[in-house]
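Quick notes on the structure that follows.
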Amino acid sequence: MSQFMADIRVSLADALHAALIAAGLDLPGDFQVGLERPARREHGDWSSNAALAIAKGAGRNPRELAGELSAWLEENQPEHVAEVSVAGPGFINFRLAPSWLHSVAKEAVAAGVEGYGRQNIGQGRTVIVEFVSANPTGPVHAGHGRGAAYGDAVARLLERCGYNVQREFYINDRGTQMDLYAASLAAIREGQPVPEDGYNGQYIVDWAAGMPSDADPRRWGRQRALANQREVLGSMAVAFDTWSSEQALVDSGAIDDALAALDAAGATYESEGAMWLRSSDHSDDKDRVLIKSDGEYTYLLPDIAYHRDKLERAGSQGLLINVWGADHHGYVARIKAAMAALGCDPTSLEVAVTQLVRLERDGEEVRLSKRTGDLIELREVIDEVGADAARFTYLLQSMDTTPTFDLAKAAAQVMENPVFYVQMAHARVCSIAARARADGVVRLSVDQVDLGVLVHERELEILRQLATLDEVITAAAEERAPHRVTAWLREFAAAVHSFYHDCYVVGSGIPPELTQARLVLIDAARVGLAVGLSTLGVSAPEAM
RNA sequence: GCCCCUGUAGCUCAGUCCGGACAGAGCAGAUGACUUCUAAUCAUCAGGUCGCAGGUUCGAAUCCUGCCGGGGGCGCCA
């Protein structure tokens, strides 16, 4: 939260508090004055339910109490407050003067795209965000795209909130799937049928065709898959700081260390020839196998070693955020149980589960399985709709929803995609500034411009919404919910388009002082749009 | 059988964690608006028993209980 926003809130809360004291009320020690933005603007800029909350305990009529508080506040108005009123069952509503909104514009312009909406609630805390982590057995597909867009947006939001963020990709380059993948590549190269449960997609045929005859299928295949993943993710501007290899954990002995630590904690036992984790001692509903009866590790044991490693790298105050698809939700309890068995702070690991994307082609469901041979690669999605539209579309909705993504429609509806609406708003304000320059308008510095002439409802609406951006970013970061920014951008862009339509900035009949003020306004709007888009990883074009 | 997500306007969804004021957008539909910065736009209208039934509360889309529908996952694949 910016200093400025904190001030307006604090000053309103302080004033309310003072009013409650003046009314002779006994306030509970932990009493917090509730302040919120009303859903309807007729109810003012800020609203408090303090009278409602306190009336019952005080044996007072809420509406009456609110009237008393409101009268006191009218007599002792905090800065920027234009009007205090009572409404509904006893809400106290504050209407702020335009002077407050004009300060918002100045703040946005002064802070710029780099600084506006930037906060320090993270205080440099290290967060390792692990996402995508697709198996190195094939290309990233359309479903991974959602995790990629989401994980990167969460990382960007946390960065803007003052966290030290590391983006991480975990490579499952060991185990049953890797064996089958290597065997499939080898079989195709030799002209043999792929093994049972092997990989059958067209991509594996294509890849095998490019594999040198003396290449080790496992090593070569791993590099082939990773090269694809890195390139495709890079084409949507997702880049990782760390690529962690499961095999490397085996080689370094980290897995044996983890097992020893679990043993020492009394969290393991042998049964049916296998090694088990006592995960049911913690948050899991049953125990889990760590080492199979054939002596091989399951996925779980290396993963435990991996999380130990990550926790160590993140430091004692660090936080791990894993972005997992819904098909992995059953693993949340067991990995947390394992961490608990090792004595780790349970709040240091957070798993964000994203629901799967439902893919359709011409109305018919397409499975995401890599083995059907009919996979939809992320590359195809990006090629069809573009990186910006792909990211924005993936972030359009809450990760708790299961969106239907029809590829045929996605290609056909590109022009209807909301991303263009938002980007267009940005391009428009840029084009106004460019026009002003072309027309020879000499810009004054912000301090020299009288923003008091900004009184049009379209102008004020832009600033009202802009003033909420840092709250939106805070909420989006804390709730790991980038779609809040997407929603805000769509509304903010609508306000900008409305202004554009009704208010001219340059041209005949526009007083020079109004041109100057509106140029400041569109600078502020541009900052808001660019900040919002950048937290989603979507570009803010100056022309379209 | 158990676990996770979900059910809000014709369609796609915000809002639910942290209860408030007549439930908000977009698309589709109807009707209007370009001699000045991009009509990829804007304005107006129309459209909803917030899955159902109880409960808690001054107040429930939001919290609790039960039921119904949709998606996903369920000991040694990842």
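Letters A, B, ... mirror the listed sequences (proteins, then strands); counts begin at 1.
- When the P atom is used for both B:A9 and B:A33, the distance is 33 Å, rounded to whole Å.
- In the set B:G75, B:U41, B:G72, the nucleotide with an atom closest to the side chain of A:H501 is B:U41.
- Heavy-atom distances to RNA chain B give each of A:Y421 and A:I432 a nearest nucleotide, and the one nearer the 5′ end belongs to A:I432.
- Using a 4.0 Å heavy-atom distance criterion, A:Y500 is classed as a base contact.
- Side-chain proximity of A:A87 to the nucleotides B:A14, B:A21, B:U36 is greatest for B:A21.
- The aromatic ring of A:Y504 sits over the base of B:C37, with ring centres less than 5.5 Å apart and planes tilted by under 30°.
- Within the 4.0 angstrom heavy-atom criterion, only backbone atoms of the sugar-phosphate kind lie near A:R458; the bases stay farther away.
- Among the protein residues, A:D173 comes within range of no part of the nucleic acid, since none of its heavy atoms lies under 4.0 Å from any strand.
- Remark: B:C74 base-pairs with B:G1. Criterion, Watson-Crick or G-U wobble with two distances under 3.5 Å.
- The distance between atom CD of A:Q423 and atom C1' of B:A40, rounded to the nearest whole Å, is 12 Å.
- Atom-to-atom, CD of A:E491 to P of B:A14 comes out at 13 Å; the value is rounded to the nearest Å.
- Taking the six-membered ring where tryptophan is involved, the planes of A:F169 and A:F240 are perpendicular, since the angle between them exceeds 60° and thus also 30°.
- Separating the CZ atom of A:R484 from the C1' atom of B:G15 is a distance of 8 Å, rounded to the nearest angstrom.
- The residue A:S398 sits close only to the backbone: its heavy atoms come under 4.0 Å of sugar-phosphate atoms, none of a base.
- Using Watson-Crick or G-U wobble geometry with both donor-acceptor distances under 3.5 Å, B:G47 finds no partner in any strand shown.
- Distance A:Q397 CD to B:G7 C1': 14 Å, rounded to the nearest Å.
- For A:M544 against A:F420, the heavy-atom pair with the smallest separation is CE-CD2, 3.6 Å.
- A:Y297 places its OH atom 16 Å from the P atom of B:C77, with the value rounded to the nearest Å.
- In a base pair of the Watson-Crick type (N1 to N3 plus N6-O4 or O6-N4) or a G-U wobble (N1-O2 and O6-N3), with each distance short of 3.5 Å, B:C27 is matched with B:G10.
- The residue A:M275 sits apart from the nucleic acid: no heavy atom pair falls under 4.0 Å.
- Nucleotide B:C18: unpaired (no Watson-Crick or G-U wobble partner with both distances less than 3.5 Å).
- The base of B:C4 does not come close enough to the side chain of A:Q355 for any donor and acceptor atom to sit less than 3.5 Å apart.
- For A:H329 against B:C3, a side-chain N or O and a base N or O form a donor-acceptor pair under 3.5 Å.
- The base-pairing partner of B:C63, taking Watson-Crick or G-U wobble contacts with both distances under 3.5 Å, is B:G55.
- Straight-line distance between the P atoms of B:U65 and B:G70: roughly 23 Å, to the nearest whole Å.
- A:F492 has its CZ atom 17 Å from the C1' atom of B:A25, to the nearest Å.
- Counting heavy atoms from C-beta on, the side chains of A:S47 and A:R37 never come closer than 4.5 Å.
- For A:V506, the side-chain atoms get nearest to B:C37 when compared with the rest of B:C17, B:C13, B:C37.
- Within 4.0 Å of A:H497, counting heavy atoms only, lie sugar-phosphate atoms of the nucleic acid but no base atom.
- Taking a pair to require two hydrogen-bonding distances under 3.5 Å in either a Watson-Crick or a G-U wobble arrangement, B:C42 pairs with B:G32.
- Within 3.5 Å, no donor on the side chain of A:N49 pairs with an acceptor on the base of B:A21, nor the reverse.
- Counting only heavy atoms from C-beta on, A:Q177 has its side chain closest to B:C77 among B:C77, B:A14, B:C37.
- Nucleotides B:A23 and B:U49, compared at atom P, are 12 Å apart to the nearest Å.
- Annotation: B:A60 and B:G51 have their P atoms spaced 15 Å apart (nearest Å).
- Within 4.0 Å (heavy atoms only), A:C430 reaches no atom of the nucleic acid at all.
- We find that CG of A:L396 is positioned 11 Å from C1' of B:A25, with the value rounded to whole Å.
- At the heavy-atom level, A:V353 lies nowhere under 4.0 Å from the strands shown.
- With a 6.0 Å cutoff to the six-membered ring centre and a 45° limit on the axis angle, A:R428 counts as a cation-pi contact of A:Y500.
- Heavy atoms from other residues, nucleotides or ligands lying under 6.0 Å from CD of A:E457 number more than 12.
- A:E272 comes within 4.0 angstrom of a base, heavy atoms only.
- The interatomic distance linking A:L35 (CG) with B:G20 (C1') rounds to 14 Å, in whole Å.
- Within 4.0 Å (heavy atoms only), A:D303 reaches no atom of the nucleic acid at all.
- A:E296 comes within 4.0 angstrom of no nucleic acid atom, judged by non-hydrogen atoms across all strands.
- Across B:G47 and B:C11, the matching C1' atoms stand 12 Å from one another, rounded to whole Å.
- Across all strands shown, A:S293 has heavy atoms under 4.0 Å from base atoms, whether or not it also approaches the sugar-phosphate.
- A donor atom on one side chain and an acceptor atom on the other are not found under 3.5 Å apart for A:D173 and A:Q247.
- Listed nucleotides B:C74, B:G72, B:A39 differ in distance to A:A326; the shortest reach to its side chain belongs to B:G72.
- Within the nucleic acid shown, A:D400 comes within 4.0 Å of sugar-phosphate atoms alone, with no base atom in reach, counting heavy atoms only.
- Pairing each heavy atom of A:C161 with each of A:T474, the nearest pair is SG-CA, 4.4 Å.
- The listed nucleotides are B:G15, B:C42, B:A40; the one nearest the side chain of A:F420 is B:A40.
- At a threshold of 4.0 angstrom between heavy atoms, the contacts of A:H328 include nucleobase atoms, whether or not backbone atoms are also involved.
- Going from the C1' atom of B:C3 to that of B:U44 covers 49 Å, rounded to whole Å.
- A centroid separation of less than 6.0 Å is found between the aromatic rings of A:Y170 and A:Y306.
- B:U36 and B:U31: their C1' atoms are spaced 26 Å apart (whole Å).
- Nucleotides B:G54 and B:A61 are separated by 14 Å at their P atoms, to the nearest Å.
- A:W488 and A:T468 are linked by a side-chain donor-acceptor pair at a separation below 3.5 angstrom, with hydrogens and angles left out of the test.
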